[in-house]
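Working notes, structure below.
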Amino acid sequence: MKSFAFVFPGQGSQSVGMLDGWGDHPAVAETLREASDALGEDIVLLIREGPKEALALTTNTQPVMLAAGVAAWRVWRAEGGAAPVALAGHSLGEYSALVAAGVLTLSQAAPLVRLRAAAMQEAVPVGTGAMAAILGMDAAKVIAGCAEAVATFGSGSAEVVEAVNFNDPIQTVIAGTKAAVDKACEVLKAGGAKRALLLPVSAPFHSSLMKPAADKLREALAAVVLAAPAIPVVNNVDVAVHSDADAIRDALVRQAFGAVRWVECVQALKARGVTHIVECGPGKVLAGLTKRIDPELVGAAVFDTASLAEAWELLA
């Protein structure tokens with residue numbers, strides 16, 4: 001097969017019925033049973049029927065997206081799919097990648113991501129934080145615009161806005177306090193950004209405001225036994241591959257309040273000789289980003305039986 005990597009999507013790619021395209025594949029059914037047992041609740045009905053609002057709650061979305069990514073991975077392997085050269089995951093998707101690599105079991109990961117979600121939600125009161133997608137502007141200019149916005153509040157101000165998701169060369173997500181994010185959007189649009197779109201999220205994920213959540217995650221991770229990865233995983237926070245358990249734990253903790261360096265992650269996968277990057281899980285968001293990050297790379301997605309067959313043919 002061609003040299004390929006698998007990448008796993010994060011929060012935002014969920015949808016009601018997102019696993020219906022797998023039919024009654026036993027690997028999917030087993031994955032959902034395992035995740036439900038670990039969480040102490042049946043997530044099957046939530047995925048299949050919603051409602052959309054319940055699926056979108058961070059404490060539901062994160063474990064459900066973890067399970068959906070792992071399900072797609074297990075179908076690929078169950079059908080005889082080869083192991084990829086490397087793995088990566090966008091934000092929450094890094095946990096799916098670590099399960100695929102054998103670092104965590106799904107039973108370990110599901111409660112961890114639910115705790116992560118709850119801790120992130122609790123770190124900043126609802127309504128006081130915000131995130132926005134800045135489109136059509138170089139990342140360096142976005143970083144500078146955020147600094148300019150913060151400066152307008154004066155020294156000693158508690159207002160914060162930072163670049164937190166580097167999704168493609170001209171798409172960067174910012175996060176922080178509501179007032180600072182609003183000000184940054186104003187500054188960045190005046191500075192030439194094509195669009196500045198507030199995102200429908202409940203917390204300023206990956207910003208420094210998430211440090212209280214990271215502290216809770218650190219405590220939880222300390223009690224989890226991690227195995228050495230069977231497949232290299234490029235992490236978000238350092239764009240590095242770690243095999244030491246303590247280094248993996250530390251990267252996951254820092255990821256909670258550190259930027260998702262997705263452009264660099266994709267570039268790092270290419271540097272490993274990868275020519276094809278396959279999104280493993282619901283949606284095609286990462287496949288689209290791949291093409292915008294590097295047109296030489298081929299992006300694909302595996303999210304149902306039809307797309308599985310297409311990916312198989314593409315990689316053969």
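When a residue number appears, it is its place in the shown sequence, counting from 1.
Annotation: side chain of Val70 is not in contact with side chain of Glu34 (no heavy-atom distance under 4.5 Å). At a threshold of 4.5 Å between non-hydrogen side-chain atoms, the residues Ser207 and Glu162 count as touching. Within the 4.5 Å cutoff, side-chain heavy atoms of Trp73 are placed close to those of Pro84. Residues Cys265 and Val260 are not in side-chain contact: their nearest non-hydrogen atoms beyond the backbone lie 4.5 Å or more apart. Between Val99 and Thr105, the closest side-chain pair of non-hydrogen atoms is not below 4.5 Å. Side-chain contact between Glu279 and Val302 is absent, with no heavy atoms from C-beta onward closer than 4.5 Å. Proximity of Met65 to Val113: side-chain heavy atoms (C-beta onward) are nowhere separated by under 4.5 Å. In this structure, the side chains of Leu87 and Phe8 come closer than 4.5 Å at one or more pairs of heavy atoms.
For Thr290 (side chain) and Leu286 (main-chain N/O), a donor-acceptor pair under 3.5 Å exists by modelled atom type. A distance-only check finds a donor-acceptor pair linking the side chain of Thr61 to the backbone of Leu55 [under 3.5 Å]. Arg272 places no side-chain N or O within donor-acceptor distance of the main-chain N or O of Gln267, the cut-off being under 3.5 Å.
In Glu219, the CD atom is not crowded: 12 or fewer heavy atoms of neighbouring residues, nucleotides or ligands sit closer than 6.0 Å. By the neighbour-count criterion of 12 heavy atoms within 6.0 Å, atom CZ of Arg48 is sparsely surrounded, having that number or fewer from other residues, nucleotides or ligands. Taking a 6.0 Å sphere around NZ of Lys2, one finds it holds more than 12 heavy atoms contributed by other residues, nucleotides or ligands.
Look at Asp238 and Arg254 and you find a salt bridge, because one of the NZ, NE, NH1 or NH2 atoms lies within 4.0 Å of a carboxylate O, short of that distance. With salt bridges taken as basic N to acidic carboxylate O contacts below 4.0 Å, none links Lys141 and Asp138. Using a cutoff of 4.0 Å between basic side-chain nitrogens and carboxylate oxygens, Glu148 and Lys183 are not scored as salt-bridged. Salt bridge present: Glu296 and Lys270 bring a charged side-chain N and a carboxylate O closer than 4.0 Å. Using a 4.0 Å cut-off between a side-chain N of Lys or Arg and a carboxylate O of Asp or Glu, Asp182 and Lys178 qualify as a salt bridge.
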Inset, instruction - Starting from the C-alpha separation in whole Å, work towards a yes-or-no answer on side-chain hydrogen bond (donor to acceptor under 3.5 Å, both in side chains) for Ser202 and Gln121. - result: CA-CA 7 Å; Ser202 54; Gln121 187 60 72; 2.5 Å; yes

Inset, instruction - I would like to know whether Val237 and Arg261 meet side chain to side chain contact (heavy atoms under 4.5 Å, CB included); could you show each step before the answer? - result: CA-CA 6 Å; Val237 73; Arg261 297 163 60 184; over 6 Å; no

Inset, instruction - May I have the step-by-step check of side chain to side chain contact (heavy atoms under 4.5 Å, CB included) for Arg116 and Lys216, ending in yes or no? - result: CA-CA 8 Å; Arg116 176 182 183 267; Lys216 293 179 182 178; over 6 Å; no

Legend entry - Criterion side chain to side chain contact (heavy atoms under 4.5 Å, CB included) on Glu94 and Leu252, from CA distance to verdict: CA-CA 9 Å; Glu94 191 166 306; Leu252 288 174; 3.6 Å; yes

Inset, instruction - Quick one: do His206 and Gln255 satisfy side-chain hydrogen bond (donor to acceptor under 3.5 Å, both in side chains)? Show the steps, please. - result: CA-CA 7 Å; His206 295 292; Gln255 188 224 50; 4.9 Å; no

Legend entry - Verdict with supporting geometry, Glu41 and Arg114, salt bridge (Lys or Arg N to Asp or Glu O under 4.0 Å): CA-CA 12 Å; Glu41 67 178 85; Arg114 171 151 282 174; 2.6 Å; yes

Legend entry - Residue pair Met131, Val164: steps toward the side chain to side chain contact (heavy atoms under 4.5 Å, CB included) verdict: CA-CA 9 Å; Met131 299 181 77; Val164 298; 3.8 Å; yes

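Both Val44 and Val64 belong to a common hydrophobic cluster when Ile, Leu, Val, Met, Phe, Trp and Tyr are linked at side-chain heavy-atom distances under 4.5 angstrom. Grouping the Ile, Leu, Val, Met, Phe, Trp and Tyr side chains by contacts below 4.5 angstrom, directly or via other members, places Phe6 with Met1.
Put simply, CG on Leu92 and CE on Met120 are 9.0 Å apart, with the number rounded to the nearest 0.5 Å. To the nearest 0.5 Å, atoms CD (Gln62) and CG (Asn60) are separated by 10.5 Å. Considering CG of Asn167 and CG of Leu289, their distance stands at 5.5 Å, rounded to 0.5 Å.
A donor and an acceptor atom, one from each side chain of Gln11 and Ser91, are nowhere located under 3.5 Å apart.
Evaluated for a side-chain contact (heavy atoms from CB on, under 4.5 Å) with Leu269, the options Ile277, Leu297, Val239, Val85 yield exactly one hit, Ile277.
Take His90 and apply the ring-ring contact (aromatic ring centres under 6.0 Å, His included) test, not counting sequence neighbours, and it matches Trp262.
Ring to ring, Trp22 and Phe303 are not that close: their centroids are 6.0 angstrom or more apart.
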